[in-house]
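In what follows, a single structure is set out as structure tokens and then discussed.
Owing to the predicted nature of the structure, the values given are computational and were not obtained by experimental measurement.
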Amino acid sequence: SPQVDTLITAFKHLGISFHKLKFEVSDVNLFRRVYQEGLYDLTFENIKLMLQCAYGFSSLDDIQHQNYSLILTNLNSPLHQKVLSNMSDYVEILLENCCGVITDKEQTVRDILNSDQISIQQKERYIEVLSSPVSELNAITDRTVWGALIMCKSLIVTEKNILDFFLFKKNVDAAFIKFINRAQSGLDFSNMPQYSPVECEQLFDTIVTCNEIENSKYAEILATLGFRYDAFDVAGIADDKIRILIDCNIIKMNAATLSFLREHYKKIVLHYISRHINEYVALVNSKMFSQDELLAILSWQIDDTPKLALLEFSNEDISIIGKTYSLPIRCYILHNNLDENDMKILFCEYGSQEAEIKAIVLDYAKDNIPQLAAAACDADSNLILEILIDNDISMDDKIDLVLALLPTLNQEEAQKHLSLLELNEFAKIFDTRLRPRYQINQTSSRILEAFRKKGWLYEYLEDEDKPGYYKIRRTQPKGKSHGK
């Protein structure tokens, strides 16, 4: 109306701008013209009033937390034009009245963060209170705020966002690591055609040395980027990360890498070998061979073929006692890498061994009667019997064995052993009715001396009535303190 037009002209001439409008007491036509002409101060209350009266929004929660998204629903509105002309002031008002939470739509977020009318500080404050998701980092053309977005939980962790930020920063800092670790679903970089192989490899090389990235994310990123080391030589990586590189087949098996891992990642070498056992066996030679690695591999639950191949390089003693080695492995070791200390135990456990092991132990015992005699008191009786009935064993060796056993034998057992050696004459010592005589020689002297020490006779001495023969005394004669 002419009256409203006159008032508006006067307001403009006088530079009047209403600080606070009240729709309920205002003339509707005049209110509408004041709004259309922008003759009001840009305050939160006035903005709220315009959104309610001019836009028709009633939710105070939406007006508080999605303010600019609501304004953008009508790009031709006077309110939008007024805000565009005072963008920095508007954002300040928005930040002061959002109660620490903004849930703008993603396009709204892009418009604000890409605006050249808003300061970096305001954008960063806006990001701090932003709780709605931002899907594409590259859609924010003002890269000065990318760092703040990375720290903001609203930015969705995607392969593209990771690569875009990395290529922008060219490094990995604590904020970027935290961003990566926030990934909820599996990361897959296997299909990223918009990035060159060089760019992807740069990310790969950087992530490899990043120990702070969670193991699951570390594995997903590196495995799907698809790069492999022909010769690995990167030091300073955590052991758990090296395990991942091995498990993902990123570190191949070769002599150079094996040597490097032996020097820098000693705890991981066996895991590396276990994942590439066949390749390992193929490359090992006398120079590359490791006895410690062999001993570890022998305990693995794998086929015997690689174990036997590696054993060919070993010339050191290997114990089989207390081990779970297979029969072929134990037999090979006993033939080629015998730890002679094992035989003392195998002499004792002879009866419980497999036939193949028994044969080896028996052959050893035949060739090493002194060692068997030294362990005779604990040796398996079946092994002793095998030796005593063997025609290839000398009588002296058999006697040595029986005499070594004597401390553990009773008279009945001693007689049985003497009988096996066809030395029944010495059993007469136990029959007090008899007065045996024994030709003086080395065999008689040894046996009689052993019996004396055992306490089965008091002394033996040359018989005066039969020179060249021993007679025995079972008990001590009266008035004699000691005997031979």
Side-chain angles (χ1 to χ4, degrees), residues 4-5 7-9 11-136 139-142 144-145 149 152 154:
V4 171
D5 290 341
L7 287 171
I8 293 300
T9 300
F11 292 161
K12 288 181 177 181
H13 180 73
L14 295 173
I16 293 174
S17 178
F18 292 96
H19 180 68
K20 186 174 184 181
L21 295 170
K22 291 186 178 181
F23 179 76
E24 62 274 13
V25 297
S26 301
D27 178 84
V28 174
N29 292 327
L30 180 59
F31 178 88
R32 184 179 296 112
R33 288 294 303 280
V34 167
Y35 163 63
Q36 291 171 349
E37 300 293 338
L39 300 177
Y40 58 93
D41 293 345
L42 200 60
T43 66
F44 184 75
E45 289 301 320
N46 285 339
I47 294 170
K48 179 175 68 173
L49 184 62
M50 300 311 170
L51 287 172
Q52 290 173 330
C53 298
Y55 278 69
F57 293 115
S58 59
S59 172
L60 293 178
D61 191 65
D62 288 348
I63 291 172
Q64 190 172 49
H65 304 301
Q66 297 184 26
N67 196 279
Y68 195 50
S69 294
L70 299 182
I71 293 173
L72 290 179
T73 59
N74 188 348
L75 298 179
N76 296 318
S77 69
L79 177 58
H80 181 234
Q81 298 306 314
K82 187 174 183 66
V83 167
L84 281 179
S85 300
N86 300 274
M87 199 64 184
S88 180
D89 293 338
Y90 167 74
V91 170
E92 197 65 33
I93 294 168
L94 182 64
L95 294 172
E96 291 175 357
N97 291 275
C98 69
C99 294
V101 178
I102 289 177
T103 58
D104 277 329
K105 295 180 180 179
E106 184 165 4
Q107 185 57 54
T108 304
V109 176
R110 294 178 183 178
D111 288 347
I112 289 179
L113 297 182
N114 289 333
S115 173
D116 57 7
Q117 299 180 47
I118 304 173
S119 70
I120 295 174
Q121 291 77 14
Q122 287 179 315
K123 292 179 181 180
E124 290 177 345
R125 288 167 58 202
Y126 177 85
I127 291 170
E128 287 177 5
V129 297
L130 183 64
S131 63
S132 50
V134 178
S135 62
E136 191 173 349
I140 309 303
T141 56
D142 184 359
T144 58
V145 299
L149 277 169
C152 171
S154 292

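- Taking each heavy atom of Gln66 and Thr103 in turn, the nearest pair found is CG-OG1, 3.0 Å.
- Under the 3.5 Å distance criterion, the side-chain polar atoms of Asn97 are left unmatched by any main-chain donor or acceptor of Phe44.
- Counted by atom type alone, Thr73 and Tyr55 present zero donor-acceptor pairs between their side chains at under 3.5 Å.
- A donor and an acceptor atom, one from each side chain of Thr43 and Asn46, are located under 3.5 Å apart.
- Remark: side-chain polar atoms of Gln64 are not paired, donor with acceptor, to backbone N or O of Asp61 under 3.5 angstrom.
- When all heavy atoms of Ile118 and Ile112 are compared, the pair lying nearest together is CD1-O, 3.4 Å.
- Of all heavy-atom pairs between Leu94 and Asn67, the closest is CD1-CB, 3.4 Å.
- In this structure, the side chain of Ser131 engages the main chain of Ile102 through a donor-acceptor pair within 3.5 Å.
- The salt bridge (Lys or Arg N to Asp or Glu O under 4.0 Å) pairs that include a residue from residues 120-136 are Glu92-Arg125, Lys123-Asp142, Glu136-Lys160, where partners are two or more places apart or lie in different chains.
- For the residue pair Ile71 and His80, the shortest heavy atom distance occurs at CG2-CA, 3.8 Å.
- Counting only residues at least two apart or on different chains, the salt bridge (Lys or Arg N to Asp or Glu O under 4.0 Å) pairs with a member in residues 47-59 are Glu45-Lys48.
- The salt bridge (Lys or Arg N to Asp or Glu O under 4.0 Å) analysis of residues 98-110, with sequence neighbours excluded, yields the pairs Glu106-Arg110.
- Checked by atom type and distance alone, the side chain of Tyr68 never pairs as donor or acceptor with a backbone atom of Asp111 at under 3.5 Å.
- With hydrogens and angles disregarded, a donor-acceptor distance shorter than 3.5 Å links the side chain of Ser154 to the backbone of Leu130.
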